[in-house]
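This chain uses plain numbering: 1 for the first residue, then up along the sequence. Given the structure is predicted, the values throughout are model-derived calculations rather than measurements.
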Amino acid sequence: MGERYRLEVLCHRKRRSSQCLSGKDQSLGSFPGPSAERQPLKYTVTLSAQYGINVFVLGLVLTVAGTFQKAGVAQEHILAYLSTLMVMQLAWMLWYFLRMHGKRGLLTDKDDHAGPRWLRGGLTLFAILSLVLDMFKIGYYIGYSRCLTAAKGVFPAVHAVHTLSQVYFLWFHAKDVIRTFQIIERFGMIHSVFTNLLLWVNGVIAESKHQLSDHQKRLAALGFTNLTVEKTGPNCSCTINACAAFYKGSYYMYPFNIEYHVFASAMLYIMWKNIGRKLEQHTPPKLMFKRRYNILPGPVLGAAVFATTIGILVVYSIQVGYSKDRRQSAVTMFYLYSITVLCLMSAASTTGLAIHRLGKGSMDDSKNPSRKLDGSLLVGTACASWLLSWCSVLAAISAQPPRNYTWLSLSLAALLIIEKSVQNVFIIQSLHRKWDSGEEGVGRTFAVAGPGGLPAAAPYCGIVNKALESVEQEVSCPATRHIPPSPGSSSSECSEQITVPQTSLPQPNRRLKNKLDTKNIILKNITAFLFLCNISFWILPAFGAWPQFANGLEENIYGFETWILIVNLAMPFAIFYRMHASASLFEVFCAT
């Protein structure tokens, strides 16, 4: 019975191989039975999404009420709600671990596009810094335990356990394509997505309140006596000497905690989209001959921008609250620096688009939830920055007579709109580009011919069905056992996977080859430069360099309270845009 099943699977896959080679979206491993039997699974998608949205909205309502101290909702109620959500996610992840441990001998389907190693490494780094934040909060609670509620001590402890478990889950299971217990998995996965989004909102509000408090203190120190600074903190004395260090150090960790939860929610959302996803035709990996590129100019220029950014941040943070004259010089310095770097970034992105246009390379239009989410997040989060930019443009135009920073603010706002628009197009085109296939018939990937003259390395279609792959190897390899294996290869490999020496492959035209190498060198330099520049523009606002609070131009047009609200809502998305753009550019850099 088992042998007959394996033969049927092999024959079915061979009949569909020609369709996959032609680029059609074919699938294997879909749910058996008529479409009526799959209707409950389709309804589960909508039901789970509605459940997650309601969980998020309830948490958002509690957060807003607790932030403004209305309706009797305190910070402790918000922390208790978040802790409950994390405990529920921990219970679901424990059930998933136990279920997977019981099926360790079975091979699961994997989406190779989801959760690449570098993304999981970045998530781990942010998680470690989030754990440092939790340790600071626990130490702060111990110092003020006499006058703080238990919720403020339980929350960081539960969050630390949640962080460790979630990083383990995403590191080893981010590529899983779940096909069993789909109803439970969909609700558990969407619960995890919106739990991380609520934790992100909680971190954003805490960071925004800290930025607003610092801004009000600076204004009060500079002589704006019409502003009152509210006293914050417990009403008792700290029992240890490190409470002040814990309080100040925690706000340096909040930017990393915020990015960690956004990255985790994005990866969990991809897993939710992959639940029950139909498997596409799998082909053996291609043989790739990578060359070394000269990518010195881009990283050097980007490193210079990064080093200058650190200096600008230090000088700005010191001078902006020192005196009115130094405050003006600090804001002017920030504007001139930002305008210069944005001009270079706009020129780099435009050059990259021109190279894409002249190259006329093929585009990969296959379905890919990860790549689609990348593009949506780039455009969606850029809208927040565009909102701030258009507010600044209107404020600069409406200022009568022109005030300080009017033209600098107008130039910076216009450049931000242009730079992000051009960069988004460049990144999205680069993500959809078939880098490995080469241009005009010349590439860096070579296929080894299989039986019947068909190439064994067909275009990669996205998802690996390891169980069916092993079946196909088991059935097809015995037919080719008369071919001796190459040295260093395992006995289970088929003859189609024998590595052919590079000298035996057809050599492309040298002039065209050098032309393609030159284009790739330029694109790699552009990508490296943009990557470091986006990291730099993430650091500045993430660690307190907000000239929108210090220039006074927009406050005079929109009012203090309205402008503070706009900035606090839009700035977190603008900060995340830079980090997400950096992650996408790193992926493009690796693929180029």
Inter- and intrachain pairs under side chain to side chain donor-acceptor pair (under 3.5 Å), touching residues 571-581, at least two apart: Glu419-Arg578, Gln423-Tyr577, Asn424-Tyr577, Asn534-Arg578
Residues in side chain to side chain contact (heavy atoms under 4.5 Å, CB included) contact with Leu60, at least two apart in sequence or another chain: Phe56, Val201
Closest contact, heavy atoms only, Ala581 versus Leu378: CA-CD2, 3.9 Å
Contacts of Tyr252 that satisfy side chain to side chain contact (heavy atoms under 4.5 Å, CB included) - sequence neighbours left out: Phe543
Main-chain N/O of Ser385 paired to Lys420 side chain as donor or acceptor, under 3.5 Å: no
Pairwise distance NE2(His356) to CZ(Phe426) - rounded to 0.5 angstrom: 4.5 Å
Whether Phe126 and Trp538 hold their rings parallel, tilted or perpendicular, with breakpoints at 30° and 60°: tilted
Side chain to side chain contact (heavy atoms under 4.5 Å, CB included) against Val161, all qualifying residues, sequence neighbours excluded: Leu90, Ser165
Ring pair (Phe, Tyr, Trp, His ring centres under 6.0 Å) against Tyr168, all qualifying residues, sequence neighbours excluded: Phe97, Phe172
Tyr260 and Leu199, any side-chain heavy atoms less than 4.5 Å apart: no
Non-hydrogen atoms of His261 and His159 that approach each other most closely: NE2-NE2, 2.8 Å
With Lys175 via side-chain hydrogen bond (donor to acceptor under 3.5 Å, both in side chains) - residues at least two apart: none
Ring pair (Phe, Tyr, Trp, His ring centres under 6.0 Å) against Trp171, all qualifying residues, sequence neighbours excluded: none
Residues which pass ring pair (Phe, Tyr, Trp, His ring centres under 6.0 Å) with Phe537, listed by chain and number, not counting sequence neighbours: none
Exam field: side chain Ser349 to backbone Ser346, donor-acceptor pair closer than 3.5 Å: no
Heavy-atom pair with the smallest gap, counting every atom of Cys533 and Val305: SG-CG1, 4.0 Å
From CA spacing to verdict: ring-ring contact (aromatic ring centres under 6.0 Å, His included), Phe187, Tyr51: CA-CA 8 Å; Phe187 278 90; Tyr51 164 76; 5.8 Å; yes
For the student: nearest non-hydrogen atoms of Phe306 and Ser536, plus distance: CA-OG, 3.3 Å
Side-chain (Arg120) to main-chain (Leu170) donor-acceptor, under 3.5 angstrom: no
Interatomic distance, Gln182 atom CD to Thr44 atom OG1 [nearest 0.5 angstrom]: 8.0 Å
Considering all heavy atoms, the nearest Leu431-Ser584 contact: CD2-O, 4.2 Å
Side chain to side chain contact (heavy atoms under 4.5 Å, CB included) evaluation trace for Ile178 with Met189: CA-CA 11 Å; Ile178 301 172; Met189 201 72 71; 3.7 Å; yes
Distance in Å, Phe576 CZ paired with Ile258 CD1, rounded so as to fall on 0.5 Å steps: 11.5 Å
Distance-minimising heavy-atom pair for Ser265 and Leu197: OG-CD2, 3.7 Å
Test side-chain hydrogen bond (donor to acceptor under 3.5 Å, both in side chains) applied to Trp200 - qualifying residues, sequence neighbours left out: none
Which residues share a side-chain hydrogen bond (donor to acceptor under 3.5 Å, both in side chains) with Asn202, sequence neighbours left out: none
Side-chain touch Arg186/Phe181, heavy atoms, less than 4.5 angstrom: no
Under 3.5 Å side-chain donor-acceptor pair for Trp272 and Glu185: no
Sequence-distant partners of Lys137, side chain to side chain contact (heavy atoms under 4.5 Å, CB included), two or more places apart: Leu133, Phe155, Pro156, Tyr254
Approximate separation, where rounding is to 0.5 Å, of Thr381 OG1 and Ile575 CD1: 11.5 Å
Reported NE2-to-OG distance for the pair His191 and Ser48, which is rounded to 0.5 angstrom: 13.0 Å
Pairwise distance CD1(Ile539) to CG(Leu313) - rounded to 0.5 angstrom: 8.0 Å
side-chain hydrogen bond (donor to acceptor under 3.5 Å, both in side chains) involving Trp386 - partner list, sequence neighbours excluded: none
Candidates Leu119, Asn196, Val262 - the one meeting side-chain contact (heavy atoms from CB on, under 4.5 Å) with Met267: Leu119
